[in-house]
Structure formats: C-alpha cells, structure tokens
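Presented below is the structure to which this report refers.
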Protein chains: 2
Amino acid sequence: MASASKRERLTAAAQRVFHEQGVEKTTLADIARVADVPLGNVYYYFKTKDQLVQATIDSHAEYLGNLTDELGRLDSPGKRLKGLIDFWVSGRDLAARYGCPFGTLTVELDKREDGLDQAAGEVMRKLIDWCAAQFRSLGCDDAPDLAITLVGAYQGMAVLANALRDPSIMEREGHRLGEWIDSLG
Amino acid sequence: MASASKRERLTAAAQRVFHEQGVEKTTLADIARVADVPLGNVYYYFKTKDQLVQATIDSHAEYLGNLTDELGRLDSPGKRLKGLIDFWVSGRDLAARYGCPFGTLTVELDKREDGLDQAAGEVMRKLIDWCAAQFRSLGCDDAPDLAITLVGAYQGMAVLANALRDPSIMEREGHRLGEWIDSLG
DNA sequence: GTCTATAGGGTGATAGAC
DNA sequence: GTCTATCACCCTATAGAC
C-alpha cells in the first residue's frame, strides 16, 4: 500500500531530523524533503506538526518494546541488563554527535505542557519499570531506585559524550555499569 | 549605569526564558518583555539572538566559577564534592520542571555546529576538570573517569527527574552519590 | 489520494526619529 | 542611548485542482 509507505517514510524522516536538529528548529519542509514527499502532501497523513512528534514518540516506544522483548529471551536478569547496556554503547557515535535519540527529544518536550511532554515521560517510565523488574529478579529489594540509577547513568553519559563529542565516554561508563551489575548478582 | 543594568536584565531574562522554553522556541519579544525592555532596544545591546545565547553561556560559566571558588574553601576534597552534590540537589524543583539549567541548554546547542555548541561543551569540561582535581586530591588514580561518572550521574538524574516530574529522584540519587564519595575517601 | 499555490501569522533584524 | 515603526522572510496550515 503506497499510502502506508509514505506515512512510514514521513515518520522515519521526522524521527531522524528531530534527532539531528531538534523539534522546534525542524520545519515540515525539512521532513518532507528527507522523506521525498511533497510539502503539501504531509498534511494528508499528519494534520499538525505535533502529530508527527507524537508519531515519533510512538516509534521510539515501539522500538524499545521490541528491544526489551528480545532481551527478555536471555536466561538471566543480569544478562538482560547487560544486553541493554551493550545496546546503549553500540549507539555511542550517534549519541556523541546528536545525543540520545530519545533522551534529547524528551528533554526538549519537557519544556512544554501540552501532553507531549507526558507522552515522552511515560515511555521513559516504561523502560525504567522494565529495568526495575530485572533488578527485582536479581533479588535486589531497592529495585526501583537501582533502575533510576541505571537509566540515569545512561542519560548522563549520553549528555557528556554529546557535550564533549567523545563516544569513548560511553564505552568506559558502559563497562563500569556492566561490572556494577555483576557485583549485584 | 543604566545601560549596564539593562544589559544585565536582558542577560538574566534570556537565561531564564531559554531555560523555561528552550532557545529555538524563545523569541526576542519574549526576552524583551521579561526584561522590561522595548523590543527594538534589544539590538543596541545584542546584535543577534546568538549573542544572547553566548551571554547566557558566559553567565553560566561565571556562576559555576564562583560556586567552585566557594567550595574550594572547604578543607577537604570530599567535602567539596559533597558540597557540589548538595548544590545540585538544592535545585531539584526547578530541575524537575525544566531540567538542569545548563544541561538542557547544552543538549539543545549540541545539535548545532556553529561554535555555540563548543562554547557550552567547554563550560561542561571545566566543571568535570574541577571534579577530577578533587578526586585526585582524594588519592584516586582514575580521577578523570570518576569525574565523568559524577557529573554524568547529575545530568542523568536531572533528565529523569524532569521526564518523570519527580524532584525526589534527585534527593535519593544525591544521597547515593554522597555515600559513594565517602566510600572513596 | 496526490500535489500546487498561497493564505495568514509571526520572526529576526533594520532604519531612523528623538 | 533609547525607542517606534516596519521590512523581508519563513513557517504552519489550508483551499482546491487533478
């Protein structure tokens, strides 16, 4: 179906350009050009720019859902958490240039109060809850706090890798987090 | 001097509004209104919007410089680092609503490549270097890495406190960081 | 469903009076 | 030094042909 394909191309383009330029600086013309769709046609698929932002949040949520589903097949909670860390580190070059694809979007949307900020926060909470479940399986009684520490460490290392334009920060911090997980199991 | 006062009012207004709304979404009219200065007059003090962004970065750098100078008077590196953590935690309510005042600015500017991104990165590096000096005084041989971990932990907790609109995250994480510092000394 | 043309509103920046 | 008026441009969104 050609229309579904165009919608997907627009969503993918929006996700990429929002990450590289930020939401506010990005124009619908930017997204239309990257998606190779005429500008006026964008409005057939998304009635407002905010709907493209919502589609981007949904896309991140779906991607994270698939990722945690896959990690869930690993046979121990420690392996699952370390698998998540490996995934984060594998994105170090992109994070060093444009920041965490989902974190920077969340930070930008959090300055608003129109619902899109909460939508992004819910996706973040879902990831934290998944981590907390793994820590609980490891036998930790302060699992929710440990989940905050883990996801916070990732968001923080992404901010610094981005600010200093240094992906190796994420390798070293990822390694440290891996040893931390091992020390808990 | 009235002109210096207006310049300061514009800088302070820019810093506040950039934090609350983000740089891209903020108009010069927003800043002029908050500073109580007529719109056209802004251009007498700052020839472009980017110069207001640069003034904001300089203001953050000066504030952080004053803070580390004050903390430097404490009589042990452990107290200095924990003093920095206390300062971070004391800003938890603002961070939960709008993120770290300097971190969110850096994240937004890092999507550019016009020099303002590097200017923000240098201020972040200065803070990390100060922390590294404290860890060195504590006798740690991987002081630079520990500094990255500490500042990264702060940036990360600020992102999560903001995304989840929960300042208590910064209290708990701040407490954890304090115990971590104690365990090193 | 697809696309062109354009409306309508707002933005950064400037010219020039005082 | 201070401020008003306004330009020139760009953006989101719509109307309507095909």
Side-chain angles (χ1 to χ4, degrees), chain A residues 1-58 105 108-109 111-117 119, chain B residues 1-59 105 108-109 111-117 119-120:
Chain A
M1 194 172 171
S3 74
S5 167
K6 274 197 181 176
R7 198 177 205 281
E8 283 162 18
R9 260 154 57 206
L10 283 168
T11 303
Q15 185 162 4
R16 176 178 145 200
V17 183
F18 285 155
H19 182 216
E20 291 177 1
Q21 305 187 344
V23 172
E24 291 296 337
K25 199 178 184 180
T26 296
T27 68
L28 294 174
D30 291 333
I31 296 169
R33 181 169 25 80
V34 171
D36 199 30
V37 167
L39 174 58
N41 201 354
V42 172
Y43 289 93
Y44 178 74
Y45 300 96
F46 300 94
K47 290 194 168 49
T48 64
K49 185 179 177 180
D50 279 356
Q51 284 191 4
L52 270 162
V53 177
Q54 181 66 58
T56 298
I57 296 172
D58 294 343
L105 178 68
E108 187 174 3
L109 295 178
K111 300 202 181 292
R112 305 166 63 165
E113 41 189 341
D114 54 7
L116 287 175
D117 54 338
Chain B
M1 193 173 173
S3 75
S5 168
K6 276 198 182 176
R7 197 178 206 282
E8 283 162 18
R9 261 156 55 208
L10 283 168
T11 303
Q15 185 162 2
R16 177 179 143 201
V17 183
F18 283 156
H19 182 215
E20 291 177 2
Q21 305 187 344
V23 172
E24 290 295 336
K25 199 178 185 179
T26 296
T27 69
L28 293 174
D30 291 335
I31 296 170
R33 181 169 26 80
V34 171
D36 199 29
V37 167
L39 173 59
N41 201 355
V42 172
Y43 288 93
Y44 177 74
Y45 300 96
F46 300 94
K47 290 195 169 50
T48 65
K49 184 180 178 181
D50 279 357
Q51 284 190 5
L52 270 163
V53 177
Q54 180 66 59
T56 298
I57 295 172
D58 293 343
S59 172
L105 178 68
E108 186 173 3
L109 295 178
K111 300 203 181 289
R112 303 165 61 164
E113 43 189 340
D114 55 5
L116 287 175
D117 54 337

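Each chain gets a letter, A, B and so on, in the order the sequences are listed, and its residues count up from 1.
- One N or O on the side chain of T26(A) and one on the backbone of G22(A) form a donor-acceptor pair closer than 3.5 Å.
- As rounded to whole Å, 11 Å separates atom P of dC11(D) from atom NZ of K25(A).
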Using residues 32-43 of chain A as the side-chain source, report each donor-acceptor pair under 3.5 Å to any protein atom, sequence neighbours left out, with the distance given to one decimal.
{"from": "R33(A)", "atom 1": "NH2", "to": "D30(A)", "atom 2": "OD1", "distance (Å)": "2.7"}

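- For dC3(C), one of the phosphate oxygens OP1 or OP2 lies less than 4.0 angstrom from a side-chain nitrogen or oxygen of K6(A).
- Closest heavy-atom contact between Q21(B) and K111(A): C-CD, 3.7 Å.
- The separation between L52(A) atom CG and dT12(D) atom P is 10 Å, rounded to whole Å.
- In this structure, CG of D36(A) is placed 9 Å from P of dC3(C), rounded to the nearest angstrom.
- Atom CZ in F46(A) sits about 17 Å away from atom C1' in dC3(C), given to the nearest Å.
- In terms of the side-chain contact (heavy atoms from CB on, under 4.5 Å) criterion, residue partners of D114(B) (sequence neighbours excluded) are, by chain and number, D50(B), R112(B), L116(B), D117(B).
- Rounded to whole Å, the distance from CZ on R7(B) to P on dG1(D) is 12 Å.
- At a threshold of 4.5 Å between non-hydrogen side-chain atoms, the residues F18(A) and I31(A) count as touching.
- One finds no side-chain N or O of Y44(B) lying less than 4.0 angstrom from the OP1 or OP2 phosphate oxygen of dT2(D).
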Between the protein and nucleotides 13-16 of chain D, list the N/O to N/O atom pairs that are separated by less than 3.5 angstrom.
{"from": "dA13(D)", "atom 1": "OP2", "to": "K49(A)", "atom 2": "N", "distance (Å)": "2.9"}
{"from": "dA13(D)", "atom 1": "N7", "to": "Y43(A)", "atom 2": "OH", "distance (Å)": "3.1"}

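- Rounded to an integer number of Å, the gap from N41(B) CG to dT14(C) C1' is 14 Å.
- Remark: side-chain polar atoms of E108(B) are paired, donor with acceptor, to backbone N or O of V23(B) under 3.5 angstrom.
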